[in-house]
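See structure below.
Both backbone and side-chain heavy atoms feed into the values below; hydrogens, waters and symmetry mates do not. Computed from a prediction, not measured in an experiment: that's the story for all the values here. Residue numbers count from 1 along this sequence.
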Amino acid sequence: MKAVPKVNTDGLYLEDTLVDDAFSGVVPFYAEPELPIDPGQQEPEAQSEDVQPGEVPELEPVIAGYIVSIPIIPGLYRPRFDIVAWEAYQSAVTSAEDAYNAAYAEWSKLPEEERGDPPIYVAPEQPTLWIEGLTLEEIEEITRPQPQEPTEIDLLKERLAAAEARNEQLAEESTVNQLALMELHMMILALQEGSGPT
């Protein structure tokens, strides 16, 4: 088993799905048909002329997307499989095979001494089938740097820095207060010495 991309009808990647290892190409997958709960409740105009009353009409399967064996190329923001390019490539492969078969048939009809080298099949080059599904504006929008919310660690660092700044401020105020107290004490001592007995 291997995982391959699954795309919607526009070719936009949906998810990976598991397939057999031998799977190749592009294969449609179908939407689940919605059957009426009670066939008798259908509106008369919705019933086909071929459907008898009481019968459940056969519903046409609807393509819901494709399973793609070609791996997604890396670097795409929203991978989109180019279904039109795939169909054109398949037509080119069929045309190349038809041309080779016709040339080989012509070569086989010639007498052996006139044949020369047999024709060689040359397969057309496969185009890039996975393309970007977003516009340039959408890519710019999602790749623009977004303002980041501060983490809990960032918030704690800010609080620590604020607390350290406040401690420094308090320490400076304390030193100033101590100096003022010392000056006041010295003034009191000087006054006491000056007013002593003569």
Side-chain angles (χ1 to χ4, degrees), residues 1-34 37 61-90 124-198:
M1 298 296 280
K2 64 181 177 180
V4 296
K6 196 174 186 181
V7 299
N8 66 11
T9 54
D10 293 327
L12 292 172
Y13 172 80
L14 297 172
E15 63 186 359
D16 282 345
T17 188
L18 290 176
V19 295
D20 188 74
D21 286 335
F23 175 77
S24 67
V26 176
V27 177
F29 66 90
Y30 298 90
E32 293 291 322
E34 292 185 24
I37 296 171
V62 176
I63 293 178
Y66 301 90
I67 299 172
V68 179
S69 67
I70 299 156
I72 297 173
I73 58 173
L76 299 175
Y77 291 96
R78 186 165 187 206
R80 184 168 78 82
F81 186 75
D82 193 342
I83 297 166
V84 173
W86 168 258
E87 290 169 349
Y89 172 66
Q90 292 304 300
E125 187 175 332
Q126 180 175 310
T128 301
L129 297 168
W130 284 101
I131 56 178
E132 182 57 62
L134 294 179
T135 64
L136 287 175
E137 293 80 19
E138 291 170 323
I139 292 172
E140 287 174 8
E141 179 66 28
I142 63 172
T143 57
R144 182 178 337 135
Q146 301 295 320
Q148 290 187 330
E149 291 287 324
T151 64
E152 192 172 331
I153 292 175
D154 294 336
L155 294 173
L156 288 173
K157 285 180 181 176
E158 287 177 21
R159 287 175 57 191
L160 179 62
E164 286 175 348
R166 180 70 181 138
N167 283 344
E168 285 179 24
Q169 182 184 4
L170 290 173
E172 286 175 12
E173 289 175 4
S174 175
T175 303
V176 169
N177 288 340
Q178 284 179 355
L179 287 173
L181 281 173
M182 284 176 56
E183 285 178 10
L184 184 60
H185 185 66
M186 290 174 74
M187 286 173 61
I188 291 172
L189 285 175
L191 286 174
Q192 283 177 350
E193 286 176 8
S195 65
T198 50

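- Tested against P28 for a side-chain contact (heavy atoms from CB on, under 4.5 Å), the candidates I63, T9, V62 yield a single pass: I63.
- Inter-residue side-chain proximity for V68 and W130 is flagged as met; some heavy-atom pair is nearer than 4.5 Å.
- Heavy atoms only, all atoms of each residue included: V4 and I67 are closest at CG2-CG2, 3.5 Å.
- Taken to the nearest 0.5 Å, the CG atom of D154 stands 11.0 Å off from the CD atom of E149.
- Checking side-chain atoms of D21 against main-chain N and O of M1 turns up a donor-acceptor pair under 3.5 Å.
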- Task: For side-chain contact (heavy atoms from CB on, under 4.5 Å), just list the numbers for I142 and L134, CA-CA rounded to whole Å, side-chain angles, deciding distance to a tenth of an Å, and then say yes or no.
- Result: CA-CA 10 Å; I142 63 172; L134 294 179; 3.8 Å; yes

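- The line from CG of L189 to CE of M187 is 11.5 Å long, rounded to the nearest 0.5 Å.
- Residue pairs meeting the salt bridge (Lys or Arg N to Asp or Glu O under 4.0 Å) criterion with at least one partner in residues 133-143, sequence neighbours excluded, are E141-R144.
- S69 approaches G25 most closely through the heavy-atom pair OG-N, 2.7 Å.
- Closest approach of D16 and P5 over heavy atoms only: OD1-CA, 3.6 Å.
- Side-chain contact between R159 and L156 is present, with at least one heavy-atom pair separated by less than 4.5 Å.
- Expressed to the nearest 0.5 Å, how far CD of E172 lies from OG1 of T175 amounts to 7.5 Å.
- Proximity of R80 to E132: side-chain heavy atoms (C-beta onward) are nowhere separated by under 4.5 Å.
- Only one option out of F81, Y66, F29 pairs with K6 in a side-chain contact (heavy atoms from CB on, under 4.5 Å); it is F29.
- At most 12 heavy atoms of other shown residues, nucleotides or ligands fall within 6.0 angstrom of atom CD in E152.
- Heavy atoms of other residues, nucleotides or ligands lying less than 6.0 angstrom from NZ of K157 number 12 at most.
- T128 pairs by the side-chain contact (heavy atoms from CB on, under 4.5 Å) definition with I73, not counting sequence neighbours.
- When all heavy atoms of A31 and A64 are compared, the closest pair comes out as N-CB, 3.6 Å.
- In this structure, CZ in R78 is found 10.5 Å from OG1 in T135, a value given to the nearest 0.5 Å.
- Minimum heavy-atom separation, D10 to I83: C-CD1, 4.3 Å.
- For the pair Y89 and P124, the tightest heavy-atom approach, listed with the atom from each and the gap, is CE1-O, 3.6 Å.
- Between the side chains of N177 and S174, no donor-acceptor pair is found at a separation under 3.5 Å.
- The neighbour count for E173 CD, taken as heavy atoms of other residues, nucleotides or ligands under 6.0 Å away, is above 12.
- The environment of I153 atom CD1 is sparse: at most 12 non-hydrogen atoms of other residues, nucleotides or ligands sit within 6.0 angstrom.
- Annotation: the span from E87 atom CD to D82 atom CG amounts to 9.5 Å, rounded to 0.5 Å.
- Residues V26 and Q90 form no side-chain contact, since every pair of their non-hydrogen atoms from C-beta on lies 4.5 Å or further apart.
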